[in-house]
Amino acid sequence: MARRFHPPSTTERSVSAVVILILVGIAAWLLVLQGDFPTDKYRADGAGSPGIAPRPMAATPLPLPDGALALSAPETFDSLTLSDKIDGRAELYLGNGFSSLRCRRFAPTGAAGDWIEACAYDMGNNRNAFAVFGTQRRADGVPEPALGPHAYATSQGLFFAHGRHYVEAIASRPDARSMAVVRAFASAFQADHPAGEAALDEASLFPAENADTGSMVLLGTNAFGSPDLDRVFTMRYDLGDAAVTAFLSRRTAPAQARTLADGWADTLLRYGAEARTPPPGIPGARALDVLGLYEVVFTVGPVLAGVHEAPSQAAAETIVMRMYRHLIARLDAGNAQPETDRNDPTEEKTP
């Protein structure tokens with residue numbers, strides 16, 4: 001039997017009208033939002049992946065060394081995409097002048113399973129490159145003098161600062177053939193990126209006796225956990241029964257060095273350090289006991305210097321007195337140029 005259809009009631013017609021009005025309102029609101037869509041924030045990478053900035057090809061890819069087969073296309077990353085490549089470590093580079101990163105993956109010819117990845121971080125100048133080189137230094141590294149004074153090798157990689165670049169080339173396993181290709185890449189990179197002399201003159205401000213010259217590190221920011229201390233070089237000294245870390249930082253003027261020295265000492269006092277008698281004969285020096293470790297800070301002209309967390313007061317004073325005499329000898333002739341007045345001799349041109 002055929003069903004009978006009744007016309008909609010007044011209530012049904014009213015509800016339908018309200019629903020239609022709501023839908024029209026939503027559609028109008030979406031049109032307004034679409035017109036104000038922030039396309040610069042939500043960009044696609046490839047086939048419409050939202051929220052990831054594109055990765056353009058590097059203008060000059062890293063060199064493919066002799067005896068190597070490319071495994072993938074070269075990559076490049078900027079400050080917006082660096083964390084896509086090295087999530088969790090990007091802040092170190094971004095805080096030290098990072099400009100760009102180029103990477104390339106290859107393998108020894110005939111051994112595609114033994115991959116090698118090379119990455120070159122453009123840090124803007126040689127000081128920034130040395131800062132990340134020192135901070136990233138691996139404990140098992142062995143100096144690699146063929147690549148310069150700031151280079152070392154591990155069982156499966158090479159790491160070096162060269163001009164404005166910090167470079168890593170790491171093999172998938174400790175294999176002699178792969179490491180030969182890694183070294184070929186490093187040589188090709190340096191040939192493609194002439195950088196002049198890579199000397200950092202702060203090295204000459206540290207006294208040489210008992211110094212581990214390969215231990216020099218540049219703390220670009222937040223030295224010793226202090227946001228006020230930057231551009232601080234450290235060097236380790238071996239006194240036989242004690243290891244002492246010395247530090248120095250060349251500032252723009254003597255007054256700035258003095259302010260930073262007093263600020264650092266006052267900060268330690270606020271956090272519970274106890275003042276100690278400073279080494280004799282060093283004007284304005286301040287010594288502190290920080291939970292059994294000894295901190296000494298002083299200035300010579302525009303240079304802030306001292307020792308950090310020395311294991312004993314005697315060890316701290318031994319290195320501090322050497323540093324003071326050495327700085328007086330080095331700077332007495334009036335050659336202490338402020339940090340901002342010195343040119344960077346290793347400014348290579350960006351490829």
Side-chain angles (χ1 to χ4, degrees), residues 134 201-339:
D201 60 359
E202 278 81 0
S204 68
L205 298 181
F206 286 98
E209 186 179 359
N210 300 119
D212 178 1
T213 55
S215 71
M216 191 171 77
V217 172
L218 170 56
L219 305 175
T221 59
N222 294 306
F224 313 138
S226 171
D228 297 324
L229 294 179
D230 61 358
R231 306 194 309 275
V232 174
F233 287 81
T234 68
M235 181 88 76
R236 188 173 62 251
Y237 286 81
D238 183 3
L239 298 181
D241 60 344
V244 179
T245 297
F247 67 87
L248 60 82
S249 176
R250 194 194 298 258
R251 312 310 298 189
T252 58
Q256 186 194 35
R258 184 73 259 163
T259 297
L260 287 172
D262 287 336
W264 175 234
D266 291 342
T267 296
L268 293 176
L269 288 173
R270 285 197 300 272
Y271 282 92
E274 297 180 7
R276 291 288 184 262
T277 301
I282 304 180
R286 298 180 66 176
L288 306 102
D289 182 329
V290 186
L291 299 176
L293 299 175
Y294 290 83
E295 199 88 13
V296 181
V297 60
F298 65 95
T299 64
V300 176
V303 177
L304 164 76
V307 298
H308 179 59
E309 296 185 347
S312 70
Q313 186 171 354
E317 291 187 356
T318 295
I319 298 302
V320 164
M321 294 306 299
R322 289 181 189 173
M323 289 188 70
Y324 179 70
R325 290 192 292 265
H326 184 74
L327 285 170
I328 289 292
R330 295 287 302 180
L331 306 180
D332 190 48
N335 294 324
Q337 294 176 274
E339 173 79 18

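With sequence neighbours excluded, the residues that form a side chain to side chain contact (heavy atoms under 4.5 Å, CB included) with A265 are R286, L288, V297.
Contact annotation: the side chain of Y324 approaches that of V300 to within less than 4.5 Å [non-hydrogen atoms, C-beta and beyond]. L260 is not listed as a side-chain neighbour of T299, based on a closest heavy-atom distance of 4.5 Å or more. The side-chain heavy atoms of R251 and D230, taken from C-beta on, include a pair separated by under 4.5 Å. Within the 4.5 Å cutoff, no side-chain heavy atoms of W264 are placed close to those of V232. Side-chain contact between P302 and T252 is absent, with no heavy atoms from C-beta onward closer than 4.5 Å. With a 4.5 Å cut-off on side-chain heavy atoms, T245 and E309 do not count as touching. The shortest side-chain heavy-atom distance between R250 and L205 falls under the 4.5 Å cut-off.
Within the structure, the side chain to side chain donor-acceptor pair (under 3.5 Å) test picks out the following pairs touching residues 211-221 (sequence neighbours left out): D212-R236.
To the nearest 0.5 angstrom, H326 atom NE2 is 6.0 Å from S204 atom OG.
The aromatic rings of F224 and H308 lie parallel to each other, their planes meeting at an angle below 30°, with 60° marking the opposite boundary.
With hydrogens and angles ignored, the 3.5 Å screen pairs a side-chain donor or acceptor of D289 with a backbone N or O of G292. Remark: the backbone N or O of P207 is paired with a side-chain donor or acceptor of Y237 at under 3.5 angstrom. Put simply, the side chain of R258 gets close to the backbone of G284: a donor and an acceptor are under 3.5 Å apart. Looking only at distances, a side-chain donor or acceptor of S249 sits under 3.5 Å from a matching main-chain atom of R231.
Here the shortest heavy-atom pairing between E317 and T277 reads OE2-O, 4.1 Å. In terms of heavy-atom proximity, A287 sits nearest to P279 at CB-CD, 4.5 Å.
Aromatic rings from F206 and F233 are positioned such that their centres are separated by 6.0 Å or more.
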